[in-house]
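Quick note: numbers below take in every heavy atom, side chains included, and nothing from hydrogens, waters or symmetry partners. Naming: A, B, ... by sequence-line order, numbering from 1 per chain.
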2 protein chains.
Amino acid sequence: MSTQAASPQGAATQAAATQVASPEAGPPEVASSQGPAVPGVQSVHRALDLLEILAAAGGRLPMAELAARAQLPTPTVHRLLRTMVERGYLRQLPDRSYALGFRLVPLGARANAMVGANASGVLHDLVAELGETANLAVLSGDQAEYVAQAPSRYAMRMFTEVGRRVDLHSTGVGKALLAQLDDDDEALGIIRSRGLPRYTAHTVGTETALRAELRRIRERGFALDEQEQEIGVRCVAIALDPASAPGVAVSVSGPTARMTDELVERAVGLLRAAASRLAGDLRD
Amino acid sequence: MSTQAASPQGAATQAAATQVASPEAGPPEVASSQGPAVPGVQSVHRALDLLEILAAAGGRLPMAELAARAQLPTPTVHRLLRTMVERGYLRQLPDRSYALGFRLVPLGARANAMVGANASGVLHDLVAELGETANLAVLSGDQAEYVAQAPSRYAMRMFTEVGRRVDLHSTGVGKALLAQLDDDDEALGIIRSRGLPRYTAHTVGTETALRAELRRIRERGFALDEQEQEIGVRCVAIALDPASAPGVAVSVSGPTARMTDELVERAVGLLRAAASRLAGDLRD
DNA sequence: TCCCGAATTTCGTATGGTGGAATAGCCTTT
DNA sequence: AAAGGCTATTCCACCATACGAAATTCGGGA
């Protein structure tokens, strides 16, 4: 039996639209973990990959493009797509390209109702108290994805939408999620597939720096994004208790002018409470 | 109880039913002309079944219950569930039961944005013009599922929520969707799995009656629900052009006292326009 | 502590999925 | 119009993959 099934499964998600990785990219087998554990069901992973690729691409792609981005042969992709079209999770447009289907709407609504209802209340409370935009994000492959938000009432505010995906090393929620992982090697493994692109002069740009940053986050119990994603934006984030809600984090972010140290300090306390309320909602 | 445990695994549609594989090779000869040569990918169908069962059950079930409803052995279900948990489409609660995961939220939001944005505008216009609740529904297995709605401003109004599923033979959208299918045999085939339960004295209760009803719908170009689902409720529905959006229908419904023939007549014109606008949005 | 039911893991098997190659459709080009 | 190039779709033989019976572990009650 050849272990040549060395295709980076979940990572194949959105290979495109990213900057060139370092020359040594393409790390099929990492010796550290004994890979052949329980990878899950191949076809299901691939089907989900396709859904995510579509979502990341704005919801519409021709099959060839899907096949290329998923790094799969076209007949395989075609078969998976047909299965999901048949079920209404995808639809095929007149020009034969594929788009997200309607069946996803009620599913998402249902999933949202299980958290979203309370979650948006919690987020709104944060905004009421602090005045700045509050977000709920989840770990999604090698990025973080926003699942709910309450906008600040200031005109000058963060503009994020549900579904937006951001890098883990350069954002508050991302770093909070990374720090939540058991060990740094796991975190770095996830990071490596995308590298550490620098968005601003403050972005954490090396693995060593990231290690130190994660250590600091664990010590003080919250993550800070000091203009690392975008100049002028400061953000505080806390991950929920991983026992009840692994891979979920809340954050508050706003312009540096308003996000004073004093506000950040208040935010930390409120975020702790919010994280605990949210985790409680998710537990049962 | 709102949760109809009695309802069979409506989601586990075809997967389990047609499993009888005869020992001798060769394609299973199908009764109808060109049968589905490609049934799709089994594992993906099963994974989707599980998602739908969970959604139908209110979003939370223990594994044994899922296995029972999907009519699959537990190890198989476990493997599928783990795959989806790993990806964030499901989560496992502390009591080990499974629930819909966060990753569904942005997916649903994205899918919604591709139609919902314009769709809800179109639906609201209908409400503004007619005063009665407008709905958008899609064919979902052997039922219809609401994906968007704009509520009437009257206190006495339909209460439907996104994700609600209704039978095809007893509702306006359902009948419009059935009439949209190529031939009656296909429609009746879908219907047979659930039968023709009578909700009121007006419900279409026989296949013969349904055939006649579908014929009438095709002739006049719209479907009427004359208190067939619920006494006192009248509904007009039109399916979108199947070339651009197969399996999608719009409807307007309200109490018989307000849904006069005159209003229905006006509604038909407006629904035609709405269906055309919606189909246009979905085309590209 | 032991017990019982449910969840999880193991592992040999054959079923279902895979992907190279061939075919059919579509749209642009000349 | 006809030819050309491109993409989607279908076919099919192989074998890797997912399957599921049985064994094992886990957790919660008595």
Side-chain angles (χ1 to χ4, degrees), chain A residues 1-7 9 12 34-50 54 60-86 90-99 243 283-284, chain B residues 12 14-16 18-28 30 34-50 54 60-86 90-99 243 284:
Chain A
M1 62 336 196
S2 56
T3 19
Q4 42 89 297
S7 73
Q9 211 55 289
Q34 62 289 64
V38 182
V41 179
Q42 188 188 55
S43 328
V44 174
H45 273 299
R46 290 174 167 182
L48 295 177
D49 283 346
L50 292 174
L54 260 181
R60 182 185 180 178
L61 282 179
M63 199 195 71
E65 189 57 30
L66 277 165
R69 298 198 189 188
Q71 304 199 333
L72 290 172
T74 51
T76 301
V77 171
H78 182 254
R79 202 176 332 107
L80 292 167
L81 292 176
R82 280 198 80 69
T83 306
M84 297 171 96
V85 167
E86 199 179 324
L90 296 178
R91 59 204 168 93
Q92 189 167 25
L93 304 173
D95 69 350
R96 292 179 159 198
S97 64
Y98 289 85
R283 192 172 309 117
D284 50 16
Chain B
Q14 54 287 83
T18 55
Q19 197 56 300
V20 208
S22 51
E24 53 107 7
V30 197
Q34 54 263 19
V38 182
V41 180
Q42 187 188 58
S43 324
V44 174
H45 273 301
R46 290 174 167 184
L48 296 177
D49 283 346
L50 291 174
L54 259 182
R60 180 187 181 178
L61 282 178
M63 199 193 70
E65 189 58 30
L66 277 165
R69 299 200 189 187
Q71 304 200 333
L72 290 172
T74 49
T76 300
V77 170
H78 180 254
R79 201 175 334 102
L80 292 168
L81 292 176
R82 282 195 72 77
T83 306
M84 299 172 96
V85 167
E86 199 180 325
L90 295 179
R91 59 204 168 92
Q92 190 167 26
L93 304 174
D95 68 350
R96 292 177 159 199
S97 64
Y98 290 85
D284 51 13

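Rounded to whole Å, atom P of dC6(D) lies 16 Å from atom CE of Met63(A). Taking atom CG of residue Leu72(A) and atom P of nucleotide dG20(C), one finds them 11 Å apart after rounding to whole Å. When the P atom of dA6(C) is taken as reference, atom CD of Glu65(B) falls 11 Å away, rounded to whole Å. Rounded to an integer number of Å, the gap from CG of Leu50(B) to P of dA18(D) is 15 Å. When the P atom of dG20(D) is taken as reference, atom CG of Leu81(B) falls 14 Å away, rounded to whole Å. Atom CZ of Arg82(A) is separated from atom C1' of dG17(C) by 17 Å (rounded to the nearest Å).
Each of dA8(D), dT18(C), dC19(D) was ranked by its minimum atom distance to the side chain of Arg46(A); first place goes to dT18(C). Comparing dG17(C), dC19(D), dT7(D) by their nearest atom to the side chain of Ala64(A) picks out dT7(D). Side chain of Val41(B), nearest nucleotide from dA18(D), dA7(C), dG17(C): dG17(C). Proximity note for Gln42(A) (side chain, C-beta onward) versus dG19(C), dA8(D), dG17(C): the nearest is dG17(C).
Take Ser97(B) and apply the side chain to side chain contact (heavy atoms under 4.5 Å, CB included) test, not counting sequence neighbours, and it matches Arg60(B), Pro62(B), Leu93(B), Asp95(B). Leu72(A) is linked by a side chain to side chain contact (heavy atoms under 4.5 Å, CB included) to Arg46(A), Ala70(A), Val77(A), counting only residues two or more places apart in sequence or in another chain. Residues passing the side chain to side chain donor-acceptor pair (under 3.5 Å) test with Thr76(B): none are found, sequence neighbours excluded.
The CZ atom of Arg69(A) sits 12.0 Å away from the CG atom of Leu50(A) when rounded to the nearest 0.5 Å. Taking CG of Leu66(B) as the reference point, atom NE2 of His78(B) lies at 12.0 Å (rounded to 0.5 Å). For the atom pair CG (Leu81(A)) and CG (Leu61(A)), the distance works out to 10.0 Å, reported to the nearest 0.5 Å. Rounded to the nearest 0.5 angstrom, Thr74(A) OG1 and Arg79(A) CZ are separated by 10.5 Å. Note: Asp49(A) CG to Ser43(A) OG = 11.5 Å, rounded to the nearest 0.5 Å.
Two residues are said to be in side-chain contact when any heavy atoms from C-beta on lie closer than 4.5 Å; Glu65(A) and Tyr98(A) fail this criterion.
Dashed line: the shortest gap from a side-chain N or O of Ser43(B) to OP1 or OP2 of dA18(D) is not under 4.0 Å. Taking side-chain N and O atoms only, Gln92(B) has a distance below 4.0 Å to OP1 or OP2 of dT8(C). For the pair His78(B) and dA7(C), the criterion of a side-chain N or O lying under 4.0 Å from OP1 or OP2 is not met. The side chain of Tyr98(B) contributes an N or O atom lying less than 4.0 Å from OP1 or OP2 of dT8(C).
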Nucleotide-resolved protein contact map, nucleotides 21-28 of chain D, B/S/- at heavy-atom distance under 4.0 Å:
BB---SS-
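Ionic pairing of Arg82(B) and Glu86(B) is not present here: no N-O contact between side-chain nitrogen and carboxylate oxygen is shorter than 4.0 angstrom.
Consecutive Watson-Crick or G-U pairing (both distances under 3.5 Å) extending over three or more pairs maps onto DNA chain D as C:1-30 with D:1-30.
In the interface, the side chain of Arg79(A) is not paired with the base of dG16(C) through any donor and acceptor atom under 3.5 Å apart.
In terms of position on DNA chain D, the residue among Ser97(A) and Leu80(B) whose nearest nucleotide sits closer to the 5' end is Ser97(A).
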